[in-house]
Every structure is written in structure tokens, then in C-alpha cells.
Amino acid sequence: MNLSIIILAAGQGTRMRSGLPKVLHPLGGRPLLGHVIETARGFAGADIHVVIGHGAERVRTAFPDPDINWVVQDRQLGTGHAVAQVLPAVADDRVVVVMYGDVPLIRHGTLDALLNDAARGEIGLLTAELEQPAGYGRIVRDDSGHVTGIVEEKDASDAQRRIREINTGFMAAPAGRLRGWVETLDNNNAQGEFYLTDVVGLAVRDGVTVSASVTRDPHEILGVNDRLQLADLERRYQRRQSEACMQAGVTLIDPARFDLRGSLQAGEDVVIDVNAVLEGEVVLGERVTIGPNVVLRDTRIGDDVTVLANCVIEEATIGSGVRIGPFARIRPETRLADHTHVGNFVEIKKSDIGAGSKVNHLSYIGDTSIGRGVNIGAGTITCNYDGANKHRTVIGNDVFIGSDTQLVAPVEVKDGATIGAGSTITRDAPAGELTLSRAPQETRKGWQRPVKKKP
Ligand code: UD1
Ligand code: MG
């Protein structure tokens, strides 16, 4: 089937009360429009046209994808007018599918029935039965149940307003016929707009069948008009995400307290405790345990890793058998090799930590390479920044760094070296030796503590 998908996204979204165009507001960490475009891409070989208007440039630049045909609708004269802007770019023998940029949860499979209707030369409509149909266009059927038209709420009679079957906005039609109907639309209605929905009445007049498929899951067709609806859809979307993760074998201690703003690929028997936020592309090996309140972004973790509570890990690569946290911060370009331990209140940035090495307490490690089997004592700081430039610290294998050491970069501590506690290391420390810098300890005999003066 030759499909042309038209996504309507020119509207202002006044009720969002936002400087950001509505379709750029994120759902699951991605713009609303991004979800719709992804669903559209699910139809192999379809060409994708997006109608933009309000904030057109911002919307366009948010999607640098070369496969999208952006069409600017300068004035928003209605959904029929919006579709008319695209039709010159669509050949007659194609099937047109209309989607909305602010209805992000629609599933690809739900639209299949519509496409098949349109491929037979009919109009395919997606409708829904709602308890509260207010605000939507209503589906009007004749006595034998055939669809005869759509009437917008503002144009509807009292009897029509009682109809509970509504127009979701998703429509498919043969492009050639659609072009003819769209050209004859007028705006003699309550809103003075060119309604795409009037195409349905015109088709019926021309003897074309209109097939309405009632959606089984009315949540799929919910749109975003304000921030309350955005938050509601976010929860529904996250419910989908957590269900998919659990079906793939991940244990979520509480699926309602799990947010995946991107993708998760997880091995067997992964357990994720409450309030985890996963962003970007996260890959977890087998038997990984993620503690409560953990943020993971664009991170890859090996097998048998334990991340304890309250850790933030971004753009890092972590081996197998690693233990991190609680309260650790792993920043971008960090690689932790197998069996490393990173403990509480440790920050690591742009560093390699070799296999079996430990940084267990209260340390800052930045722009550093650490070899195998190293122990970094509590409170060790790599002084990597001189106020203008960053410098590297290199630590060899089997090094022992005593607690409360400052390593003033650029500096190297060679294999097997030991650094005495409390040292400030400004020059390279030789292999296999004890190096320390420490003011000599003294005791002042008979020294008296000062006492408070009498007033
Ligand atoms: C539309 C339908 C209504 C349906 C409802 C479902 C029409 C006339 N009515 O009504 O039957 O029940 O959606 O939500 O189609 N847009 C443009 N350019 C325009 C006008 C709109 O791009 O000139 C875009 C909007 O950004 C939005 C979509 O089209 O994404 C729908 O427009 P909206 O104004 O929300 O239509 P409704 O009145 O809700
Ligand atoms: Mg609307």
C-alpha cells in the first residue's frame, strides 16, 4: 500500500500556557510529536508530512530527520485547510492517513483497519464510545447504522450532542477522492473553519462508504490540550512502559513508581526498586539489582551488578560484578571495570577504574585512569582543575592511596606505590615505594587552652 501520512501539528495549544509549542512538550522524555512520528514510521514505506504553524521553526528544528516533509500552514483555518496544504505533494493513487501531533498514544495496529478501508476506496474513520463525549465531533448514523456524517459539538443539535460515539480525528481516505472533497469544503459553520470532518458527508453524498471502527481502548485516542492531560497521559504511557519491561522479565517492585524515558534492554532476573528514573538508552545485564531512587541515563551495565539507593549514573559503562553506592554519582565518560566498588558520596567523572579497584568513601575522581587492584582511601581528591585547564591523574596497578590525599594533576602514581594518608602529591610517585607529604607532628608540652575572658 502506498501510504501518505499527514500529521496535523499547526495549532497553538493555548491551554498549555507555555512558550514551548504544544507538540514539543515531552511525554516519556520525548516530544509529543516524536511519538506520533515514530508510530507513522511503523508503516513501512509511508511518506510523512507534518503540518506546522505555531512555533513552526522550533518544531521543525526539533526533528532534523530528513524523511519528513514539513508543510507550513500560515493561518490555522481548520483541519480541512491543514490537510489541503499537503495534498499537492501527494499523488492520487496513494492512501492518506490523518493523525494529530498531540495524540501520542495511538498504536500502529489500531490504524490498520482504517488503512484497509481506504485501500478499498472507502473512508476509514476511527471512532470511540465515550461516557463524556463533550467537546468532540459526533458520529451521525442513519437508521440502518451507516455513517452519514460528523457534526462538531458547536454545530450539533441537542439530540446530536447526546450521541456518545465520537470522532477521534484519525481518518484514512484514497488521496484522489480526498483531494476532490477537500477542494469543495466551506467554512459556513459555528467556528468559521474548514472542517476535515465535512469530507465524510461529501463522501456519503458521492455514494462512497464510510467505515467507522470503534477503538477498543479509548485511552489511545486521548489528546493533550493542557498540562493536566499531559500528566495523565504521562502516567498512562509509563504504565505501558512498565508493563513492557515486566513482560520482558524485569521485576519492578512497584510499576507505578518506575519511569522509563527512553529504552531499556535488560537481561534475566533484573530487579528494580521504587522510584527509578531511566533515561535515554539503558542496557542492564543479567541479575542486576537497582536500588530505590536511582537515576540511570545512557548507561550500560554488565551482569551481577548492584546499584544501591540514591545513585545517579550518566553516560557510563559499567562492567560485571560491580557494586555502586549508596549515594554515588557517576558522571559521563566513566568506565568501571569488572568487580570494582564505588561507595557512598563518591563522584567519578571521565575516568577509567581498573578491575577490582575500590573507591569506597567520600572521594572525587576526575580525568583519571586507575589500574587494577587499587585502593583509594576515604576522602581522596584528584585536583584536576587549575582554574583554567583540566589535567589528568594516572594511577598504576596495585596502588594504595591513603585517606585524605590530594593528587594535584598532572601527576602519576606508578605501579605498586603507596601514598601515606593526608598527603598532597604534586610530583610523580615512583613504583613500589611509600611516598608521603606530611608536616611533622609535634606536641607542645604544657600548652594551655585559652579560657573565656571575664567581662
Ligand atoms: C477535531 C475534529 C473533531 C474531533 C476532535 C478529536 C475537526 C473539524 N474536528 O476537533 O471531530 O472529535 O478533533 O480531538 O476536524 N490543526 C491544524 N491546523 C488547523 C486546525 C487544527 O494543524 O488549522 C491541528 C491541531 O494542531 C490539532 C488537530 O489539528 O493537532 C485538531 O485540531 P483541533 O483544533 O484540536 O480540533 P478539534 O476542535 O479538537
Ligand atoms: Mg482538539
Side-chain angles (χ1 to χ4, degrees), residues 5-16 18 20-25 31-33 35-37 40 49-56 59-60 70-87 96-106 123 125-130 132-140 147 149-156 160-161 163-173 178 181-182 185-202 210 212 214-215 218-226 229-230 233:
I5 297 175
I6 302 180
I7 301 173
L8 304 187
Q12 187 169 11
T14 321
R15 282 175 283 164
M16 294 297 285
S18 172
L20 188 67
K22 178 166 73 178
V23 292
L24 293 187
H25 280 262
L32 290 169
L33 180 57
H35 292 265
V36 181
I37 289 173
H49 310 265
V50 184
V51 182
I52 46 176
H54 280 278
V59 177
R60 193 203 303 252
W70 299 99
V71 178
V72 177
Q73 183 193 25
D74 285 321
R75 293 199 297 147
Q76 283 69 58
L77 301 180
T79 49
H81 179 261
V83 168
Q85 308 310 299
V86 178
L87 288 180
V96 170
V97 179
V98 177
M99 300 176 75
Y100 289 175
D102 54 3
V103 182
L105 298 186
I106 190 73
I123 289 190
L125 285 182
L126 186 66
T127 70
E129 299 267 3
L130 298 188
Q132 312 274 350
Y136 288 96
R138 308 297 207 284
I139 305 297
V140 182
V147 175
I150 299 177
V151 59
E152 291 304 298
E153 161 115 351
K154 288 186 178 135
D155 302 288
Q160 288 169 330
R161 284 185 193 180
I163 298 172
R164 288 181 36 232
E165 186 182 9
I166 62 99
N167 172 36
T168 65
F170 292 93
M171 179 192 283
L178 184 64
W181 297 318
V182 164
L185 289 177
D186 63 45
N187 62 353
N188 300 324
N189 51 51
Q191 301 185 79
E193 289 184 3
F194 295 91
Y195 292 162
L196 180 64
T197 45
D198 283 349
V199 158
V200 171
L202 296 170
V210 177
V214 184
T215 170
H219 300 143
E220 274 187 50
I221 57 97
L222 294 175
V224 173
N225 294 300
D226 57 32
Q229 291 172 331
L230 181 63
L233 287 203

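Both ligands and their constituent atoms are indexed starting at 1 by order of listing.
For the pair Leu20 and His25, the minimum side-chain heavy-atom distance is below 4.5 Å. Side-chain contact between Ile106 and Tyr100 is absent, with no heavy atoms from C-beta onward closer than 4.5 Å.
Distances between N or O atoms of Ile150 and those of ligand 1 include no value under 3.5 Å. The distance criterion of under 3.5 Å between nitrogen or oxygen atoms is not met by Tyr195 with respect to ligand 1. Between Arg75 and ligand 1, no pair of N/O atoms sits closer than 3.5 Å. Checking only distances, Ala10 does come within under 3.5 Å of ligand 1, N or O to N or O. For Thr79, a nitrogen or oxygen atom sits less than 3.5 Å from a nitrogen or oxygen atom of ligand 1, counting backbone and side chain alike.
Of the N and O atoms on the side chains of Glu193 and His81, not one donor lies less than 3.5 Å from an acceptor on the other residue. Residues Asn187 and Tyr195 bring no donor and acceptor atom of their side chains to less than 3.5 Å of each other.
If you look at Asp102 next to ligand 1, the close heavy atoms, those under 4.0 Å, all belong to the side chain. At a heavy-atom distance under 4.0 Å, only backbone atoms of Thr168 (N, CA, C or O) approach ligand 1. Contact annotation: for Val103 versus ligand 1, there are no heavy atoms closer than 4.0 Å. At a 4.0 Å heavy-atom cut-off, ligand 1 touches Gln73 through the side chain alone.
We find that Arg138 and Glu153 are joined by a salt bridge, their nearest charged nitrogen and carboxylate oxygen being less than 4.0 Å apart.
Legend: residues meeting salt bridge (Lys or Arg N to Asp or Glu O under 4.0 Å) with Glu220, ordered by chain and number and at least two apart, are Arg107. Partners of His54 by ring pair (Phe, Tyr, Trp, His ring centres under 6.0 Å), not counting sequence neighbours: none found.
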Candidate pair Leu233 and Leu230, rule side-chain contact (heavy atoms from CB on, under 4.5 Å), full reasoning: CA-CA 5 Å; Leu233 287 203; Leu230 181 63; 5.6 Å; no
side-chain contact (heavy atoms from CB on, under 4.5 Å) evaluation trace for Val200 with Met171: CA-CA 10 Å; Val200 171; Met171 179 192 283; 4.0 Å; yes
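If you number the atoms of ligand 1 from 1 as listed, the ones under 4.0 Å from a heavy atom of Gly137 come out as 3 (C), 4 (C), 11 (O), 12 (O). Residue contact check: Gly78 has heavy atoms under 4.0 Å from atoms 19 (C), 20 (C), 23 (O) of ligand 1. If you number the atoms of ligand 1 from 1 as listed, the ones under 4.0 Å from a heavy atom of Thr197 come out as 7 (C), 8 (C), 9 (N), 11 (O), 15 (O). Remark: ligand 1 atoms within the under-4.0 Å shell around heavy atoms of Ala82 are 17 (C), 18 (N), 22 (O). For ligand 1, the atoms sitting less than 4.0 Å from at least one non-hydrogen atom of Glu152 are 2 (C), 3 (C), 7 (C), 8 (C), 9 (N), 10 (O), 11 (O), numbered in the order shown with element in parentheses.
For the residues Tyr100, Tyr136, Phe170, the heavy atom positioned nearest atom 2 (C) of ligand 1 is part of Tyr100.
Within the structure, ligand 1 has Ala9 among the residues with a heavy atom less than 4.0 angstrom away.
No side-chain donor-acceptor contact under 3.5 Å links Thr127 to the backbone of Ala212.
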